[in-house]
Amino acid sequence: MQRLAKRFYARDTLTVARSLLGQRLVRLRDGERLSGAIVEVEAYVGEGDAACHASRGRTRRNATMYGPPGHAYVYLIYGMYHCLNLVTGSEGEPAAVLIRGLEPLEGLETMGKLRSRTEPRALASGPGRLCQALDIDRTFNGADLCASHAQLFLEKSVPVPDTAVACGPRVGVTGDAKAISVPWRLYVQDSRFVSRR
DNA sequence: GGATCGATCGGCT
DNA sequence: GCCGATCGATCCG
C-alpha cells in the first residue's frame, strides 16, 4: 500500500480534512498492524479559530501544530483520554485535523483487548476511543507520519465520493459563536462508526 | 503556588 | 440524560 507523503498534508486544512475520509490510518504495534478507515474528522484552523488550541498563541502544548505538516499532534484530554490530530497546511501556521472515528479493519482482536470491549462499533468510534484502540498516547506527539520508520502513518485508500460526505458543527465546541457554527466536522454519512449521528 | 477546566467516555438514573 | 473520573496546561495573583 502506498503511504501518503508530506505533500498530502501540506495543503489547505479543509481540503486535507475532506481528503482524509476513507484513508487508512495504520499503527504498527509490536510488529502487528492495527488499522482503520477514517470516517469522521474535524478541522481546527489557525489562531483565528477560537476552538483551535492555538487561538491564544503558541504554548508548550500546541507547539507541534506550528511545526511542519505531516506530524501527529497528540494531547491528553480530561485527564484520561488522548486525541490524535494530523498537522496540516504550512509550517508556522497552526492547523490540524482531529481524527474522530475509524472503521476498524485490521487487528480487531488486539484493539478489543486495549479497549476492554469487543463490539467493532465500540472500538474506535470517538477520538478518545480510537487512541485507546491503537495504543496512541503523548509519546506520539510530534511523530513524523512520513518517516520511513514511522509507527503511525496513513495509507492511500479508495476515496469517499462527495455524495457520501456530510458535515456539521464540531463536537464539544463551546463559547465563541463563530467557532460553534462553522461546519468543520466532516463524516461519512452512512457509516456506523461515526461517534454520533 | 493555586484554581479552573477541557476537541471524552462509560456507567447509572 | 446526567454525572464523576482524573490530570496537565493554562491563567491568575
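Side chains are part of it too, since the values below use all heavy atoms of this structure and drop only hydrogens, waters and symmetry mates. Note on naming: letters A, B, ... go to the chains in the order of the sequence lines (proteins, then strands), and numbering restarts at 1 for each one. What you are looking at is a predicted structure, and each value in this text was computed from that prediction instead of being measured.
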Between [N] atom [atom2] and [X] atom [atom1], what is the distance in whole Å?
| X | N | atom1 | atom2 | value |
| --- | --- | --- | --- | --- |
| Arg170(A) | dG6(B) | CZ | P | 15 Å |
| His82(A) | dA9(C) | NE2 | C1' | 14 Å |
| Asn62(A) | dA9(C) | CG | P | 11 Å |

(message) With a cut-off of less than 4.0 Å, is there a side-chain N or O of Arg58(A) near OP1 or OP2 of dT10(C)?
(response) no

(message) Starting from Val188(A), can I reach Leu25(A) by hopping between I/L/V/M/F/W/Y residues whose side chains sit under 4.5 Å apart?
(response) yes

(message) Using the P atom as the point on both nucleotides, what is the distance between dG2(B) and dT6(C), in whole Å?
(response)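 So the two P atoms sit 22 Å from each other.
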
Check whether any side-chain N or O of [X] sits under 3.5 Å from a backbone N or O of [Y] as a donor-acceptor pair, and report yes or no.
| X | Y | value |
| --- | --- | --- |
| Glu103(A) | Phe193(A) | no |
| Arg121(A) | Arg192(A) | yes |
| Ser19(A) | Thr15(A) | yes |

(request) Not counting sequence neighbours, which residues clear salt bridge (Lys or Arg N to Asp or Glu O under 4.0 Å) with Arg3(A)? List them please. (result) none

(message) Quick one about Thr110(A) and Glu32(A) (side-chain donor to acceptor, distance below 3.5 Å, no hydrogens or angles considered), yes or no?
(response) yes

(request) State the dot-bracket string of DNA chain C. Criteria: Watson-Crick or G-U wobble, both atom distances under 3.5 angstrom; notation: ( ) intrastrand, [ ] crossing earlier pairs, | interstrand, . unpaired. (result) |||||.||||||.

(request) Classify every nucleotide of nucleotides 7-13 of chain B by which part a protein heavy atom approaches to under 4.0 Å, writing B for the base, S for the sugar-phosphate alone and - for neither, in 5'-to-3' order. (result) BBSSS--

